[in-house]
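Here's the structure, in structure tokens; my notes come after.
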Amino acid sequence: MAAAAVPVPQGPLVVGVDSSTQSTKALVVDSATGEVVARGQAPHTVVVGDDGTGKESVPEQWWEALTEALRQCGTPAREAAAVSVGGQQHGLVALDASGRSVRPALLWNDVRSAPQRDRLIEELGGPKTWAERTGSVPPTSFTVTKWAWLMENEPEAARATAAVRLPHDYLTERLTGYGTTDRGEASGTGWWASGTESYDEEILDLIGLSPELLPRVLRHGEAAGTVRELPDLPLPTGALVATGTGDNMAAALGLGLRPGQPVLSLGTSGTVYAVSVHRPADPTGVVAGFADTRDAWLPLACTLNCTLAVDRIAALLGRDREAVEPGGSAVLLPFLDGERTPNLPHASGLLHGLRHDTTPGQVLQAAYDGAVFALLTALDQVLDEDASPDAPLLLIGGGAKGTAWRETVLRLSGRPVRVPRAEELVALGAAAQAAGLVLGEDPAAVARRWSTAEGPSYDPVPRDEAALERLSRVLSDADGLLRRA
């Protein structure tokens, strides 16, 4: 029997990369149709400090993982016309003059810089000043706090640093040989002024970082360069390299988001965000005032504890992650790694309200409730006043596949929910960016043509006001305990 014919691509092939906390994925995509013609994936190692606050990875390992993921894609990767990298945000990559890492990168969920964060906010003039200048009050995940930590705790490493990059910047520079970034990624550093769309020299002076060490910020539609000749890289020399961006910006682009469409992402971290035409500047620090990949904005709230935290609770209870039960009065705040939203970097998990008749399934459901509640409390601040309150929540990330996650979001949000069929949205968003560069089109329009946001829809249900009230009351009453180092 003859083998099935491989479909001939209708457009140029492009590569989209997702370099995340745990692994690097690569997709080879037909730019005309959005069809994924090849994929590959390779893992990373994350080293966790003894007290759990430090999270590090060796940047060179990301490059090795990218090379392996591309190798798994086979011939299609070697025929690609363009490539773009989406990467985990905020990580501090310190490089020496030869381009080697001075030390392992401090990842987005490394919260050792909490003292430096508090000091920096005060020294610049308080939260309102930070929000007006950079669009955000920097949490401990932002790169500006990590560089301040490095200066104070490892001054020799700081002195040896000849270039400062973020994870996606690092990989793009390895591809092209040029130090570049994009406005979306730059907006998550804490040293990029969103009002002027340039590096803020006062903030850089405050942390002792020279702007000469930073990459050039490219505009929407610019190319970062072309793939240089690298013998072991399974990409064609001369292929276009797009600006790339941070993972949340790439996922928003992969969905082809229009302004006002809310997204709730359930992964290692949880996020809520929406594209906005208004520059955000939230002095409470709940909403990060990110830029998107194009010429708009991406206000976003992020939690550190989402699917992994709930899975850990399920493991402690000896239950499958879907083995939830309704009812009961238990409240569980799963802040196992400290928390960013709300801003509780020293917090640990808290369980309250156990009774003799509380079941393990109810405790597990309480963990889901606590994780989703932290995201939904930020949703109203993420959305503009002119956003429709009835717009469906687009539910994405690994947790979106879970029935318990979906039903919890429905019950606590009171909104309709749609679960896009498209997976690997960060890599697809990067691929759409690469396709836009090759085709001379708006990459968000490319993603909409690929129908990436289509999927099953679920009607709204009445909000569980009793559960929301319990969660709000316990969070308020336990504030002092959760803030204790």
Side-chain angles (χ1 to χ4, degrees), residues 13-29 36-48 55-80 82-93 95 99-101 103-110 165-176 185 224 227-237 239 241-242 244-248 250-251 254 265 267-269 307-308 311 396-398 401 422-434:
L13 295 179
V14 294
V15 173
V17 176
D18 173 10
S19 183
S20 69
T21 313
Q22 305 291 335
S23 67
T24 291
K25 300 174 185 175
L27 302 181
V28 183
V29 180
V36 177
V37 300
R39 51 171 40 90
Q41 180 174 353
H44 305 158
T45 299
V46 177
V47 177
V48 181
K55 306 286 196 316
E56 301 180 350
S57 287
V58 176
E60 285 79 8
Q61 190 182 70
W62 303 334
W63 178 254
E64 293 167 2
L66 172 59
T67 302
E68 174 58 26
L70 290 168
R71 188 176 295 114
Q72 293 173 18
C73 291
T75 300
R78 294 179 173 86
E79 298 174 350
V83 59
S84 180
V85 179
Q88 54 177 310
Q89 289 184 250
H90 312 309
L92 174 65
V93 182
L95 305 175
R100 299 287 299 177
S101 57
R103 69 172 321 282
L106 303 180
L107 303 183
W108 64 273
N109 52 354
D110 187 307
R165 302 289 185 261
L166 281 81
H168 120 259
D169 306 340
Y170 170 79
L171 291 173
T172 300
E173 187 167 0
R174 290 288 299 262
L175 289 169
T176 66
E185 188 77 285
V227 175
R228 55 184 174 156
E229 188 172 353
L230 297 165
D232 297 327
L233 183 69
L235 283 174
T237 301
V241 181
T245 192
D247 52 4
N248 289 298
S265 177
T268 303
S269 64
T307 57
L308 288 183
D311 283 352
I396 66 172
K401 302 175 185 177
E423 299 179 0
E424 300 164 326
L425 284 165
V426 174
L428 278 175
Q433 191 182 60

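The analysis underlying the following values was restricted to heavy atoms, covering all of them including side chains, and did not include hydrogens, waters or symmetry mates. Keep in mind it's a predicted model, so treat the numbers as computed, not measured.
Only one option out of Leu70, Leu27, Val241 pairs with Val15 in a side-chain contact (heavy atoms from CB on, under 4.5 Å); it is Leu70.
For the residue pair Glu173 and Arg228, the shortest heavy atom distance occurs at O-NH2, 3.9 Å. Pairing each heavy atom of Ala242 with each of Ala224, the nearest pair is O-CB, 3.6 Å. What you find for Val37 and Val29 is that their closest heavy atoms are CG2-N, 4.5 Å. Pro43 approaches Ala65 most closely through the heavy-atom pair O-CB, 4.0 Å. For the pair Thr237 and Glu229, the tightest heavy-atom approach, listed with the atom from each and the gap, is OG1-CA, 3.6 Å. Minimum interatomic distance between Cys73 and Gly40 (heavy atoms only, all atoms of both residues): SG-N, 3.6 Å.
Taking OG1 of Thr75 as the reference point, atom CG of Leu13 lies at 11.0 Å (rounded to 0.5 Å). Summarising the geometry, atom CG belonging to Asp247 is positioned 8.5 Å from atom OG belonging to Ser265; distances are rounded to the nearest 0.5 Å. Atom-to-atom distance recorded for Leu107:CG and Ser20:OG is 10.5 Å, nearest 0.5 angstrom. Between the NZ atom of Lys401 and the CD1 atom of Ile396 there is a distance of 12.0 Å, given to the nearest 0.5 Å. Atoms OG1 and NE2, from Thr21 and His44 in turn, are 9.0 Å apart once rounded to the nearest 0.5 Å. For the atom pair His90 NE2 and Leu106 CG, the distance stands at 13.5 Å (nearest 0.5 Å).
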Checklist entry - So Leu230 and Leu235, side chain to side chain contact (heavy atoms under 4.5 Å, CB included) or not? Walk me through it. => result CA-CA 9 Å; Leu230 297 165; Leu235 283 174; over 6 Å; no
Next on the checklist: Assess the residue pair Val85 and Leu175 against the criterion (side chain to side chain contact (heavy atoms under 4.5 Å, CB included)); give the C-alpha distance rounded to whole Å, side-chain angles, the decisive distance to 0.1 Å, and a yes or no.
Outcome noted: CA-CA 10 Å; Val85 179; Leu175 289 169; 4.1 Å; yes
Item to check | Check against side chain to side chain contact (heavy atoms under 4.5 Å, CB included), Glu60 and Ser101 | outcome: CA-CA 8 Å; Glu60 285 79 8; Ser101 57; 2.8 Å; yes
Checklist entry - Does the pair Leu233 and Val227 meet the rule for a side chain to side chain contact (heavy atoms under 4.5 Å, CB included), with working shown? => result CA-CA 9 Å; Leu233 183 69; Val227 175; 3.8 Å; yes
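Here the side chain of Glu424 pairs no donor or acceptor atom with the backbone of Lys25 at under 3.5 angstrom. No donor-acceptor distance shorter than 3.5 angstrom exists from the side chain of Gln89 to the backbone of Trp108, with no hydrogens or angles considered. No donor-acceptor pair under 3.5 Å is formed between the side chain of Gln433 and the backbone N or O of Ala250. At distances below 3.5 Å, at least one donor-acceptor pair connects side-chain atoms of Ser57 with backbone N or O atoms of Thr45.
Under 3.5 Å, the side chains of His168 and Thr245 contain no donor-acceptor pair of N or O atoms.
Note: Trp62 and Tyr170 have perpendicular aromatic rings, judged against thresholds of 30 and 60 degrees for the angle between ring planes.
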